[in-house]
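Because only heavy atoms are used, hydrogens play no part in the values below, and waters and symmetry mates are left out as well, while side chains stay in. All values derive from a computational prediction rather than experimental measurement.
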Amino acid sequence: MSKFRVINAHVDLPAMERSILEFWQENEIFSQSLKAREDAPTWTFFEGPPTANGAPGTHHIEARVFKDVFPRFHTMKGKYVGRKAGWDCHGLPVEIAVEKELGFNGKGDIEKYGIAAFNEMCRISVQRHVSAFTDMTHRMGFWVDFDDAYWTMSPEYIESVWWSLKEIWKKGLLVQDHRVAPYCPRCGTGLSDHELAQGYETVTDPSVYVRFPITSGPLAEINASLLVWTTTPWTLVSNTAIAVHPDVSYLVVEEMVEGEKEVLVIAEKLLGFLKGEVRVLQSLLGRELEFTKYRRPFEFVEIPDSHFVVLATYVTTEDGTGLVHQSPAFGADDLQVCRGYGLPVVNPIAPDGTFFSNLELIGGVFFKEADKALVKELKRVGALYKHLPYEHPYPHCWRCHTPLMYYAQPSWYIRTTSIKEKLLRENEKTEWHPETIKTGRFGDWLNNNIDWALSRSRYWGTPLPIWRCENEHEMCVASLKELSELSGSDVSNMDPHRPFVDDITWNCAQCDAQMVRVSEVIDCWYDSGAMPFAQWGYPHKEGSIAMFEAAYPADFIAEAIDQTRGWFYTLMTIGTLVFDESSYKSVLCLGHLLDKDGRKMSKHLGNTLEPIPLMEQHGADAVRWFMLAAGSPWSSRRVGHDALTEVVRKVLLTYWNTVSFHAMYANASNFDLSQSPHISQRPLMDRWIYSDLQELIIEVDTSLASFDSQRAGKALSKFIDDLSNWYVRRSRRRFWEGDAAALATLHDCLRTLTLLLAPLVPFISESVWQELIRPVDSLASLSVHLADFPIADAKWISRELSDQVALTRRIVELGRAARAESSVKIRQPLGRALIAAGGWSALPQEMKEQIAEELNVFTLEDIADADGKLVDISVKANFRTLGAKYGAEVQEVARSIASASSVDLVAKIRTEGAAISSLGDKSWRVDINDVIITETPREGWTVNSHAGESVALDLTLTSELIAAGTVREVIRSLQEARKNQGFDISDRIHVLWNSHSAYLEAIEDSIEHIANEVLALKIARSADLPLGENENGFNAVLSKAN
RNA sequence: GGGCCUGUAGCUCAGUUGGUUAGAGCAUGCGCUUGAUAAGCGCAGGGUCGUUGGUUCGAGUCCAAUCAGGCCCA
């Protein structure tokens, strides 16, 4: 038999966690946990690679907690859950960070510095940030395999991405197109739609109403002008046409403003925007205006064969004037419409965002900066009708905050629109948490799918593996091996990044011209979305095919909600493009973390919480528990120190102290686990908590299986509270006596509880496993994380016991409230209490005794047995049952019950099972379930009632009761003295005591009982001892026996 | 402009299929209790359940509109 260790109730949680980390490391528990399940069925988890371009924040802990808890849970449930770490290495964020470091300003500086050297700096930057992530991940107890991590910048990863691109290319879905797309003039690159999504900022732009005088047809003769509204005056320089909706009704109006008359054309619905008095001259449909010629306000650039009205159905009459100025180089809709009319695409802006330097007025000016001068010029030439500041969201570069342009540029696209139906089909199969994402945010996004702008004119990224000759013959390359074959020189060990890959050329198989790689790299979101196969180097690397097939699609992924258009989208899209199947089955979509005041955390606001100090202050378990169980994972939540302190106090320390309590008494009584009585032989209380424990197992199991960590946490903390504050407290005496059933029951509960807690709070559960379980159980696994998840034994579940304990606790609550009202201290025993509660008569004697003890009352009686004169009966309608029976009449029935004699009605229902209640000439049958009966005692009692249950206390104090109160008071003060003097719970003592003479008799009469209670071997009165300050003057001197 | 989420006590959050005294924790005050606890218990103050309308005998819960905050898209 191994002896129980004593466990200190005071624990430094962060220090304990550090020692557990060492224990895991020394014993390689993580790899052991994987090895133990090597042959088990798999449960697949994909790690979404964090971008290693900055220090990790507390929000990174959030996602990582969820990425840890479910793999741990499924491992304990018997699955093999591989956990390969990953790092997202490429992309503009990394380039921007390096540019900043080097003090660069744009692509020119990079080219001067040299692409090879620049990319090397990017590589170093990535490696540096990875270590900060590793530290945080390690500290929080997230088990993921860093040694075998995938890096999106590794050659084998890039080759795998190339392979997938070739698959897409072969299907004809990877194409170059000229399209207007958001473009950052500072970074010199187009942005994908998911990047665009991240950069909207609210800005105030000049919004101008501009006159375009008509120069052809009858409207020209009356000097009419087209009135146009725009928020981008800089695009007026390249105005090419004006669009109207063919079916919208337009008006030609004469307006008087300050004595001046002018004629304007505007949509009928938008007439309200005019500022003066208006007379309608003519009404016509948009289509009648087609080809009407006009004069533009600026003549800075040549645009031949243009400047007339065109028709477009996208024109709305929601705002503006219903006439939309067209500048095809800067608007996707504009381009499409103008192309239809064969209009030229003229672009006066260089790729760096400035107007061409040869232009007058605005030459060399950054496009957004030109607005001011242009508005002034509009005014000067008399074209400006109205000018208002206009506040609206405008897209900015998500990294450098430069305002974006919609800019016509050649770009490579994946035709995702052509697989839209398949994406919708895959989404339909996907299990989303929360569900609303499926049809809401994500489904909506898929329904409005547009082609994926894949290419970036940048440096640090996976090179687009397309080579082309001057005759536009194309080749997509799937690997370095293929590239070696094509180019005729062995490049299989080459770094596939730029600039090295750019040097590889060969002669076109069709025309013998030189094949040169296109200059772009790809969107780094493609990299991360390719991880399901690229993490294995699929299909080139040896063994990768088997690895891939065993782990596709994933059972589970988890990230924050901003990934709907990011990783969640690219994963599903690439999976569907390449394998015709999405790469994940279920996805947990987390809400964002907010600061304690509900604001988004950002470095800018200075309200971030640093992850490692946070965990060093409260412990990683506390942070984990907060993320998992405080509030809903999928709604945004506020984090602050107070919330974490509460987790520590209410959950972790309560659990820990229950463990410490058990250890203390198990040790004191030399408890031997092997001598535990069988469950069926244990007392009611034990069977109750054991029943609750079985239900807890089921609840935690099903909650975690459905990714509901909040529900699991709620059940666990409720159980911890019940165990500590009812089971242990009510069974204390049994622990003092070393009762084997009690110790065994508490041990069983703690063991199972520890296993249930293990996935959520891996540190404290491991610590308890090591301290409480392993020393006395030679069969226990080396670590709690190598153990199996508990299985509930349904035969011990008893609803009846649970209900009875709940009733017991409710009665105790009522009694304590009554006590408090009466101002008779609980220490003072009372003679009797009357109880009114359904189920009282069936309550086991043991529980009744507990109530008597808790309330310190000698006898309990059922109120129904009490003298009728003692009790008032009131009856209320039970709307729940009556509503179902009588529907709309329920209010009348309730009134009839209220007006009846309660005593008669209850008597009738109790004797005959039902009664007829009537009001006016109507009557209804009412049975026992249709009424709520409240019985309350009358005079001389203190009473408390709630929901039909009540407790009444008889406040009469007899001399016997007062004497008993004195004895209890004496015992309490002796116990307190024991504690104050630091005696061990099992120390025997000697006592000398004294008190006021009025209390001597009561004390002397119970002196043996007192001695027993306080473990006194000798107890004697000493008349010399000075009296104490309390009411009975009791004072005592304690000393340790022997 | 569109989609989604949230709105319940000073703060953080629960609230089952609609059922008549809307709960818990934190915080404040008072009291009780204590051979584990950084604890526990009771009482008190604090709520027009964002607002308005509707459905219903009955709405925190269902429906509609609206306001505010957040996220995402245009």
Counting the atoms with a prime plus P, OP1 and OP2 as sugar-phosphate, which does A/V651 contact under 4.0 Å by heavy atoms, base, sugar-phosphate, or nothing? nothing

Tell me, with the steps shown, if A/W726 and A/D721 meet side chain to side chain donor-acceptor pair (under 3.5 Å). CA-CA 8 Å; A/W726 191 253; A/D721 187 62; over 6 Å; no

Side chains of A/Y655 and A/T754: any donor to acceptor distance under 3.5 Å? yes

Measure from the side chain of A/V890, starting at C-beta and using heavy atoms only, and say which of B/rC57, B/rC41, B/rC26 lies closest. B/rC57

Pairing check on B/rA9: which nucleotide meets the Watson-Crick or G-U wobble criteria with it, both distances under 3.5 Å? none

Taking the minimum atom-to-atom distance to the side chain of A/R816, which one of B/rG42, B/rA36, B/rA38 wins? B/rG42

A/H10 side chain near B/rA38 phosphate (N/O to OP1/OP2, under 4.0 Å): yes

Between B/rG10 and B/rG45, how far apart are the two P atoms, rounded to whole Å? 14 Å

From the options B/rC41, B/rA36, B/rG19, select the nucleotide whose nearest atom is closest to the side chain of A/F879. B/rG19

Taken to the nearest whole Å, CH2/A/W726 to C1'/B/rC41 is 11 Å

Can you tell me, in whole Å, how much space there is between the P of B/rU16 and that of B/rU6? 13 Å

Separation of B/rG40 P from A/L653 CG (nearest whole Å): 11 Å

What class does the angle between the rings of A/Y569 and A/W452 fall in, given that below 30° is parallel, 30 to 60° is tilted and above 60° is perpendicular? tilted

Contact class for A/T658 vs. all strands (heavy atom < 4.0 Å): base, sugar-phosphate, or nothing? base

Starting from the C-alpha separation in whole Å, work towards a yes-or-no answer on side chain to side chain donor-acceptor pair (under 3.5 Å) for A/S896 and A/W924. CA-CA 9 Å; A/S896 82; A/W924 303 271; over 6 Å; no

Have a look at A/E1013 and say if it touches a base, only the backbone sugar-phosphate, or nothing, with a 4.0 Å heavy-atom cut-off. base

For A/K714 and for A/L1015, locate the closest nucleotide of RNA chain B by heavy-atom distance; then report the residue assigned to the nucleotide nearer the 5' terminus. A/K714

Nucleotide paired to B/rG1 in any strand shown, Watson-Crick or G-U, under 3.5 Å: B/rC73

Look at the side-chain N and O atoms of A/R732 and state whether any lies under 4.0 Å from the OP1 or OP2 oxygen of B/rA36. yes

Mate of B/rA22 across any strand shown (Watson-Crick or G-U wobble, both atom pairs under 3.5 Å) is none

OP1 or OP2 of B/rC13 versus the side-chain N and O atoms of A/K650: is any pair under 4.0 Å? no

Residues A/T232 and A/T235: side-chain donor-acceptor under 3.5 angstrom: yes

Using atom OH of A/Y655 as one end and atom P of B/rA38 as the other, report the distance to the nearest whole Å. 19 Å

Please give the distance between the C1' atoms of B/rA65 and B/rU55 as a whole number of Å. 15 Å

Whole-Å gap separating P (B/rU33) and CD (A/Q850): 20 Å

Whom does B/rA14 pair with, Watson-Crick or G-U wobble, provided both distances fall under 3.5 Å? none

Considering every strand shown, what is the Watson-Crick or G-U wobble mate of B/rC32 when both distances are under 3.5 Å? B/rG40

Only one of A/V659, A/N667, A/N657 forms a side chain to side chain contact (heavy atoms under 4.5 Å, CB included) with A/I7, so which one is it? A/V659

Can you tell me, in whole Å, how much space there is between the C1' of B/rC5 and that of B/rC41? 39 Å

Paired nucleotide for B/rA64 [Watson-Crick or G-U wobble; both distances under 3.5 Å]: B/rU52

Spacing of the C1' atoms in B/rA9 and B/rC26 (rounded, Å): 12 Å

For A/Y665, report the nucleic acid contact type (base, sugar-phosphate, nothing); a contact means any heavy atom under 4.0 Å. base

Under 4.0 Å between a side-chain N/O of A/R972 and OP1 or OP2 of B/rU33, yes or no? no

In whole angstrom, give me the gap between the C1' atoms of B/rC63 and B/rG1. 25 Å

B/rU51 and B/rG40, which share atom name C1', separated by this distance in whole Å: 41 Å

5'-most by nearest nucleotide on RNA chain B - A/E969 or A/A877: A/A877

Base of B/rA39, side chain of A/S724 - is there a donor-acceptor contact under 3.5 Å? no

Taking CZ from A/R810 and P from B/rC41, how many angstroms apart are they, rounded to a whole number? 17 Å

At under 4.0 Å, does any side-chain N or O of A/Y886 touch on OP1 or OP2 of B/rC57? no

Measure from the side-chain heavy atoms of A/E646 and tell me the nearest of B/rC26, B/rA38, B/rA36. B/rC26

Are any of the side-chain nitrogens in A/R733 or A/E853 under 4.0 Å away from the carboxylate oxygens of its partner? no

With a 4.0 Å cut-off on heavy atoms, is A/V728 in touch with a base, just the backbone sugar-phosphate, or nothing at all? base

C1' atoms of B/rC49 and B/rA14, separation to the nearest Å: 13 Å

Give one of base, sugar-phosphate or nothing for A/V893, where a contact means two heavy atoms less than 4.0 Å apart. nothing

Using 30° and 60° as the class boundaries, would you call the ring planes of A/H747 and A/H662 parallel, tilted or perpendicular? tilted

Taking B/rA36, B/rU17, B/rA14 as options, the one with an atom nearest any side-chain atom of A/Q710 is B/rA14

Over how many whole Å does the gap from A/L404 atom CG to B/rA74 atom P extend? 12 Å

Partner nucleotide, any strand, of B/rA59 [Watson-Crick/G-U, under 3.5 Å]: none

Nearest-Å distance, CH2 (A/W924) to P (B/rC57)? 15 Å

Would you call the rings of A/F671 and A/F4 parallel, tilted or perpendicular if under 30° counts as parallel and over 60° as perpendicular? parallel

Between CZ of A/R827 and P of B/rU34 the distance, given in whole Å, is 6 Å

